[in-house]
Amino acid sequence: MAGTQGEIIAARGLGFQYAGSASKALDDISIVIGQGEFVLLTGPSGCGKTTLCRCLNGLIPNFHPGEISGELLVDGVSVAAETTSELSRKVGYVFQNPENQLFALTVEKDVAFGPENLGLTREEIRGRVDWAMEAAGTVALKDLAPYELSGGQQQRVALAGVLAMKPSVIVLDEPTSFLDPRTAEEIMGAVDDLRRENGITVIVVEHRLDLVGRYAERIVVMDHGRIVADGKVEDVLDAEFDRLSGLGIGLPKVSLLWSLLKRDGLVSERLPTHVESAVKMLSQRLSN
Ligand SMILES: Nc1ncnc2c1ncn2[C@@H]1O[C@H](COP(=O)(O)OP(=O)(O)O)[C@@H](O)[C@H]1O
Ligand SMILES: [Mg+2]
């Protein structure tokens with residue numbers, strides 16, 4: 001895949017069952033993700049997306065007890081062999097509810113907290129904090145307390161805190177749940193810029209495909225703890241449209257419109273994933 005330099009995440013037969021739970025939250029997950037990829041992870045509520053994210057940054061098994069099976073390597077090292085603090089340098093995780101990860105008195109202190117615990121020089125810490133706050137668009141918020149912020153602002157601050165660790169992988173768990181479409185678009189754009197400029201691997205958990213589909217090259221669909229589809233966004237959307245819509249995933253309206261036109265035999269092209277590609281296909285048709 002374009003921009004890929006090597007594998008950063010490799011799961012083989014990964015399974016997890018929370019302690020006290022009757023069924024597996026993850027069941028036989030095998031996936032390889034390359035450095036620099038932008039992956040959209042989707043699937044219905046309760047299918048195991050957050051659980052998979054927790055495995056990537058070591059929250060499972062370190063903070064969530066349960067039974068883990070199979071293998072998970074991040075940057076070639078088994079997560080079982082690493083502490084959460086080692087893993088936090090590799091995988092930055094912006095929680096689904098970011099208020100749960102902000103605790104310092106001010107935004108700036110919160111962003112500085114991670115780097116301060118890495119034993120860096122003052123200059124290096126300063127540089128990272130300034131860079132991360134700029135990249136996440138939180139400079140104007142720096143003296144505010146996290147509880148004074150809106151959900152979207154908290155998400156940006158959590159992102160800045162993660163960026164300041166300069167991780168190889170950033171995981172954003174349902175980042176648009178608190179965001180209006182424009183802010184969501186801005187954050188996705190900023191994250192994608194970081195990926196292009198710094199080769200960071202980005203994994204976004206989202207069930208609204210319209211917001212992330214234009215940035216992600218790859219989509220991984222989960223259902224009942226398993227991966228049920230994995231491929232390029234255009235390919236999966238075209239081949240699995242009915243199945244995805246059956247899972248209740250928020251498919252782009254333009255893809256839905258196209259699929260209905262296709263069903264009626266009015267168009268034959270593959271489903272567009274965003275408006276721009278639909279416009280291109282339509283103008284080609286109309287000019288012929
Ligand atoms: N801390 C937990 N303890 C026990 N069960 C959990 C916990 N977190 C999630 N689960 C269960 O694991 C399954 C997967 O949940 P989750 O990974 O949160 O799904 P998603 O993020 O896709 O909505 C669900 O059945 C959920 O109820
Ligand atoms: Mg979740």
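Side chains are part of it too, since the values below use all heavy atoms of this structure and drop only hydrogens, waters and symmetry mates. Ligands are counted one by one from 1 in listed order, and the atoms in each one are counted from 1 as well.
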Residues passing the side-chain contact (heavy atoms from CB on, under 4.5 Å) test with Asn198, sequence neighbours excluded, are Trp131, Leu194, Ile200
Strictly below 4.0 Å, N to O, side chains only: are Glu186 and Arg156 in salt-bridge contact?
yes
Can you find a side-chain donor-acceptor pair between Ser168 and Gln35 that sits under 3.5 Å? no
Those residues at least two apart in sequence (or on a different chain) that pass side-chain contact (heavy atoms from CB on, under 4.5 Å) with Lys253 are none
Fill in: Parallel, tilted or perpendicular: ring planes of Tyr18 versus Phe16, cut at 30 and 60 degrees
perpendicular
Checklist entry - Does Arg208 pair with Glu174 as a salt bridge, N-O distance under 4.0 Å? => result no
Excluding waters, which are neither shown nor counted, protein N/O/S atoms under 2.8 Å from the Mg ion (ligand 2) come to 2
_Note: Asp193-Arg196 ion pair, threshold 4.0 Å (strictly below)_ = no
| field | Asp75 and Arg89 ion-paired at < 4.0 Å | value | no
- Item | Ion pair Arg218/Asp230, N-O distance below 4.0 Å | yes
Lining ligand 1 at under 4.0 Å, by non-hydrogen atom distance, are residues Tyr18, Ala25, Pro44, Ser45, Gly46, Cys47, Gly48, Lys49, Thr50, Thr51, Arg54, His64
